[in-house]
Number of protein chains: 2
Amino acid sequence: MSVHDDRQKTGRGGTSAPRGVTMAAVGRLAGVSQVTVSRALSDPSKVSPETLRRIREAIEVTGYVPNAVAGALASRRSKLITALVPSITNIVYSSMIQTFTGELRAQDYQILMSETGFDPKVEEAAVATHLSRRPDAVLLTGIHHSPQTRRMLLAAEIPVVELWDITDTPIDLCVGFSHVESGRAVARFCREAGYLRAATVSAGDERAIRRKDAFVREFGRPGGEAVQEVTYAGSASLVRGREALVRLLDEAGFRNGVVVCSSDLLAHGVVIEAAARGLEVPGEIAVVGFGDQDYAAHIVPSLTTVRVDREALGRVAAQAILARIEGGEPPPAVTDLGFEIIRRESA
Amino acid sequence: MSVHDDRQKTGRGGTSAPRGVTMAAVGRLAGVSQVTVSRALSDPSKVSPETLRRIREAIEVTGYVPNAVAGALASRRSKLITALVPSITNIVYSSMIQTFTGELRAQDYQILMSETGFDPKVEEAAVATHLSRRPDAVLLTGIHHSPQTRRMLLAAEIPVVELWDITDTPIDLCVGFSHVESGRAVARFCREAGYLRAATVSAGDERAIRRKDAFVREFGRPGGEAVQEVTYAGSASLVRGREALVRLLDEAGFRNGVVVCSSDLLAHGVVIEAAARGLEVPGEIAVVGFGDQDYAAHIVPSLTTVRVDREALGRVAAQAILARIEGGEPPPAVTDLGFEIIRRESA
DNA sequence: ATGAAAGCGCTAACAG
DNA sequence: CTGTTAGCGCTTTCAT
């Protein structure tokens, strides 16, 4: 008596545990070949209604889940887009990614995201890992990348979008706004609002520094006083904002001026510390934030800040990528979405 | 005169644009076969030093980036882990994912993340898409999933972790804490702190509702008053917290009691609204939050809240998955990391 | 409308 | 230490 062995073989000889259902298995059950199943899934109109029905039934019965890995290898299209952001817990970035993802998911793309901190070397390693997944496009944050990063991205010959900043020389495409212009605009706003004294509170983000520097230069023009600066190496937090005001008040004797912060979170900390000390905002200490987070309009006093349309940034980045991949109107290399100063009670 | 055509062929006949450098190309340049390159990359000790040197040089020269898609197909290991969270902009989830990712990246795993909102049907579709990438493990948020979701996950025969909640019947593993116990604990805390009146403010999250219901039941035991409830369908925000207090004050005549919120954000809104109306916290309105966010300790008055160690949750989830994949101590099916009530000034 | 064949770029097993 | 062979599960091309 012989034993009929119908198990799949793996590699050279030997058998293994049942791996996922394949298209071939679905085809067998539906009485068609594997290719027909492939067609039924990618373009049902290419298959007769009756065949389609049997295939669908077989898929249902077997619980078949397509293997996108094999599909990507064969078709050279992964339907994967990878994104690199400094931090996934920072709402500034995650809100852009949210709309970016939403827009692309509608076209069946998935987003693979990694954190890079603010270190170009970490970014470089992450780019290599990401490219190994053969994404159909890559999204980066910012415009400063190592030469090696640029080289790899260029060699990949896929759409690349640099988000959240602009430059005349993007790797491929960029969608953002001018941080220098934003710093300048806040300086002009403060001068026009009548503030003669200013201080800055910034986190260690390179772009925040660029905004701050632009602010300081513009505010310091004839008629303006030197600006006091507090800078933190790490990321922003409410407590850092509180600490910063303490330092400005106690160590630097700062009073009767405007404190310009690199984020709403820091600004909120300044506002809280001012309140805790019984200082009037904006009477004694005026405060300007950055980002226009949800809460900016609802704290007391409400926060004067810079609004950047992060949802639009994510959406436009996604659309630029789709235009490139799916063909059609070639997207502009540089998209400047600008910013807006929102004047509320705090300054 | 003849033209020498050395271009790679694709499919059956025809030529195409230069696709990425392959292992075979690297091997050719280094004077070895493709497998040797594969070995040099996966286990350098299996290759002679001189060969290794030549291969590394060839990789450098060509700018070779490994194709993880082909690797995954051949090895049946994708080095990919997928994660499903309700929202990527919510710090509660993103902070867990951050440590989860960090822990796994150290072992060369990448994390593919998607949002599910709070809809099991959306989650079901997302699980199918994720499984098509043949991940080595899957992370889900919460313990409530559609039968079809459970079926697919079970059929995939990979480690599955349900995070942020616990149950006796996980799909595979779960790492979290008891939301019911947390609601009860807050109720006991409030009773012991002497509050006789209570109100709840909750977002539409199923787990938040479960905490609230447990709170209401426990607080309402003999000697306790009925609890007034405000529930929002959507997600939490500072302004919703402010609105909630307005409703409790103006519509329900709530006074001299404790307002228990489903998140620190809502609690912060309540605190701000109370301050805006000149009400004393905790004197006239006491407030309890949930989550112990960064800012909870630094707003004025500081927030009494429930702390959950989100970093530990992400870390333990990652370690459980690694234990499963890499072998070794089998991880416990259920890990309860508990919670802690942090008493500060607001209640 | 359907099928057969060839290959995507790699890893796994076996043989030297 | 290195090479050969046989797939992984699909898509693409060509033929019917």
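Please read all numbers here as calculations on a predicted model, not as lab measurements. Proteins come first, then strands; the chains are lettered A, B, ... in the order of their sequence lines, and each starts at number 1.
- Within 4.0 Å (heavy atoms only), V69(A) reaches no atom of the nucleic acid at all.
- Atom CG of L41(B) is separated from atom P of dT11(C) by 8 Å (rounded to the nearest Å).
- Side-chain nitrogen and oxygen atoms of S48(A) include at least one within less than 4.0 Å of the OP1 or OP2 phosphate oxygen of dT2(C).
- For S75(A) and G31(A), each mapped to the nucleotide of DNA chain C holding its nearest heavy atom, the one lying further toward the 5' end belongs to G31(A).
- With distances taken from any side-chain atom of N67(B) to the nucleotides dA12(C), dT2(C), dC10(C), the minimum falls on dC10(C).
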>> As a quick check of understanding, evaluate side chain to side chain contact (heavy atoms under 4.5 Å, CB included) for K79(B) and Q110(B), giving each step before the final call.
In response: CA-CA 6 Å; K79(B) 282 282 177 178; Q110(B) 279 183 282; over 6 Å; no
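- The base of dG7(C) lies outside donor-acceptor range of the side chain of R76(A), with no N or O pair under 3.5 Å.
- At whole-Å resolution of the value, CZ in R133(A) and P in dC8(C) are 21 Å apart.
- Note: CG (L73(B)) to C1' (dG9(D)) measures 6 Å, nearest angstrom.
- Rounded to whole Å, the distance from CE on M23(A) to P on dA4(C) is 16 Å.
- With salt bridges taken as basic N to acidic carboxylate O contacts below 4.0 Å, none links R54(B) and E57(B).
- S42(B) comes within contact range of no nucleotide atom at all, as no heavy-atom separation falls under 4.0 Å.
- The distance between atom CD of Q34(B) and atom P of dA6(D), rounded to the nearest whole Å, is 15 Å.
- Between S33(A) and dG3(C) there is a side-chain polar atom (N or O) within less than 4.0 angstrom of OP1 or OP2.
- Regarding contacts with the backbone of dG3(D), a side-chain N or O of T36(B) is found under 4.0 angstrom from either OP1 or OP2.
- Regarding K46(A), its NZ atom lies at a distance of 8 Å from the P atom of dT12(D), rounded to whole Å.
- For the pair S38(A) and dT11(D), the criterion of a side-chain N or O lying under 4.0 Å from OP1 or OP2 is met.
- Among the atoms of the strands shown, none is found under 4.0 Å from any heavy atom of S132(B).
- Nearest-nucleotide mapping onto DNA chain D: of A74(B) and V35(B), the residue sitting toward the 5' end is V35(B).
- With L140(A) as the partner, the side-chain contact (heavy atoms from CB on, under 4.5 Å) test is satisfied by one option alone out of V161(A), L153(A), D165(A): L153(A).
- Classification of R315(B) and E311(B) as a salt-bridged pair fails, no side-chain N sitting under 4.0 Å from a carboxylate O.
- A close approach under 4.0 Å does not occur between any side-chain nitrogen or oxygen of Y64(A) and OP1 or OP2 of dG9(D).
- A straight line from CG of D43(A) to C1' of dA1(C) spans 12 Å, rounded to a whole angstrom.
- Separating the CZ atom of R28(A) from the P atom of dC10(D) is a distance of 11 Å, rounded to the nearest angstrom.
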> Could you walk me through whether L80(B) and R133(A) pass the side chain to side chain contact (heavy atoms under 4.5 Å, CB included) check?
Replying inline: CA-CA 10 Å; L80(B) 223 208; R133(A) 300 277 173 194; 4.0 Å; yes
